[in-house]
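Written out below as C-alpha cells is the structure these notes cover.
Numbers here are sequence positions counted from 1.
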Amino acid sequence: MKYTHTQSVPMPVLFGGGLVGWLTTNAIKNPFARTLATGALALTGEVMRSLAVEVGEEEVHITYGAGLVQKSFKLSEVESCKQRRLSPVHGWGIHWIGNGWLYNIYGLDAVELNFKNGTVAVIGTDEPTELEQAILDQLRTRRFVD
C-alpha cells in the first residue's frame, strides 16, 4: 500500500506571515535591498506552503511546496518509527535538532524516523497515526524490521 498526503499551511497563517513580511520589507529604505528581501520572503512562502509525504516500498519521500526542496529516506536504513508531539520550541521549517533534522511546515504532530546510524529525521504531519502506520507497514512488509 502506498501512502500519500499533503499538508498545507492554513490560509490565515500564510496571510499573517505575508502581512508581517510586507510590513518588515517596507521598512527597508534601500530599494534594492527591499526588492531582495521581498523576493526572499516570497520564495520562502512558496517553498513552505505545503509538505507532501509519500511512503513507497523503498523510501519515504517528502516534497515542500512546488518541489524546490525534496528529501528521501531509505526504509532499509530506518531502525524504528514512532509518533512524536513536538514542542513549540522546535518550530517550523527545516533545521537541525541536535541528533537529526526536523522537516515541518505547521503544527506539533510528527513522526520520528530513527536510523541505524543513530540519527533521526522528524517529519511534521497532520496525520501522525496514518503516516506512522504506513511506514511501519512498509518496514514489516519489506522485512526491514521484525
Side-chain angles (χ1 to χ4, degrees), residues 1-25 28 33-146:
M1 175 180 124
K2 192 175 195 180
Y3 169 89
T4 303
H5 176 68
T6 300
Q7 177 186 6
S8 298
V9 176
M11 192 52 69
V13 174
L14 279 178
F15 180 78
L19 181 61
V20 169
W22 179 77
L23 292 170
T24 303
T25 56
I28 300 171
R34 183 173 44 242
T35 301
L36 283 177
T38 301
L41 222 88
L43 180 62
T44 300
E46 173 60 25
V47 169
M48 300 305 287
R49 70 180 161 84
S50 65
L51 176 60
V53 180
E54 183 178 304
V55 179
E57 292 181 356
E58 302 289 331
E59 65 184 15
V60 176
H61 185 80
I62 62 173
T63 305
Y64 277 91
L68 188 61
V69 177
Q70 299 184 36
K71 177 75 177 162
S72 293
F73 307 98
K74 293 182 185 226
L75 289 170
S76 62
E77 297 173 1
V78 174
E79 185 172 28
S80 65
C81 160
K82 65 181 178 183
Q83 289 184 51
R84 178 172 172 182
R85 183 83 174 160
L86 300 171
S87 159
V89 173
H90 285 106
W92 302 334
I94 304 169
H95 56 270
W96 182 254
I97 55 170
N99 61 342
W101 289 89
L102 172 70
Y103 304 88
N104 191 21
I105 61 158
Y106 182 78
L108 301 176
D109 291 320
V111 170
E112 178 179 292
L113 301 176
N114 295 283
F115 296 99
K116 295 173 183 173
N117 67 4
T119 63
V120 302
V122 180
I123 303 170
T125 181
D126 57 350
E127 291 188 350
T129 302
E130 294 86 347
L131 177 56
E132 176 192 39
Q133 192 59 54
I135 294 169
L136 289 173
D137 287 349
Q138 285 301 324
L139 290 174
R140 289 184 191 113
T141 300
R142 305 300 289 173
R143 300 188 191 274
F144 293 132
V145 295
D146 295 325

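Rounded to the nearest 0.5 angstrom, Trp101 CH2 and Leu113 CG are separated by 15.5 Å. Note that the CD1 atom of Ile105 and the OG1 atom of Thr125 stand 9.0 Å from one another [nearest 0.5 Å]. For the atom pair Tyr103 OH and Ile97 CD1, the distance stands at 9.5 Å (nearest 0.5 Å). Here the CD atom belonging to Gln70 is positioned 10.0 Å from the CD atom belonging to Glu54, to the nearest 0.5 angstrom. Distance check: Leu136 CG to Lys82 NZ gives 12.0 Å after rounding to the nearest 0.5 Å. To the nearest 0.5 Å, atoms OG1 (Thr4) and NZ (Lys2) are separated by 5.5 Å.
The shortest non-hydrogen separation linking Ala66 to Arg49 is N-NH2, 3.5 Å. Contact between Arg140 and Gln133 at its shortest, heavy atoms only, is NH1-NE2, 3.9 Å. Contact between Ser8 and Ser50 at its shortest, heavy atoms only, is OG-CB, 4.0 Å. The two residues Pro128 and Val111 make their nearest non-hydrogen contact at O-CG2, 3.6 Å. The shortest non-hydrogen separation linking Gly107 to Leu86 is O-CD1, 4.4 Å.
Side-chain contact between Asn104 and Leu51: absent, with no pair of heavy atoms (C-beta onward) separated by less than 4.5 Å. Using a 4.5 Å cut-off on side-chain heavy atoms (C-beta onward), Thr129 and Gln83 make contact. Using a 4.5 Å heavy-atom cutoff, the side chains of Val60 and Tyr3 are not in contact. The side-chain heavy atoms of Phe115 and Val78, taken from C-beta on, include a pair separated by under 4.5 Å. Side chains of Asp109 and Asp126 form no contact here, defined as non-hydrogen atoms less than 4.5 Å apart. Looking at heavy atoms from C-beta onward, Asn117 lies out of side-chain contact with Glu77 at the 4.5 angstrom threshold.
Side-chain atoms of Thr141 come within 3.5 Å of backbone atoms of Asp137 as a donor-acceptor pair (strictly under, hydrogens ignored). With hydrogens and angles disregarded, no donor-acceptor distance shorter than 3.5 Å links the side chain of Tyr64 to the backbone of Ala52. Using a distance-only test at 3.5 Å, with no hydrogens or angles considered, no donor-acceptor pair links the side chain of His90 to the main chain of Leu108.
For the salt bridge (charged side-chain N to carboxylate O under 4.0 Å, His left out) condition, no pair includes a residue of residues 15-24, sequence neighbours left out.
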(message) Could you walk me through whether Lys71 and Ile62 satisfy the side-chain contact (heavy atoms from CB on, under 4.5 Å) test, starting with their C-alpha distance in whole Å, then the side-chain angles of each, then the deciding distance to 0.1 Å, before giving a yes or no?
(response) CA-CA 5 Å; Lys71 177 75 177 162; Ile62 62 173; 3.8 Å; yes

Enumerate, atom names and distances included, each donor-acceptor pair closer than 3.5 Å involving a side-chain atom of residues 34-41, sequence neighbours excluded.
unit_1	atom_1	unit_2	atom_2	d
Arg34	NH1	Ile28	O	2.5
Thr35	OG1	Pro31	O	2.9
Thr38	OG1	Arg34	O	2.8

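Looking at Ser76 and Glu58, their side chains never bring a donor and an acceptor atom within 3.5 Å of each other.
A search for ring pair (Phe, Tyr, Trp, His ring centres under 6.0 Å) contacts involving Tyr106 returns Trp92, not counting sequence neighbours.
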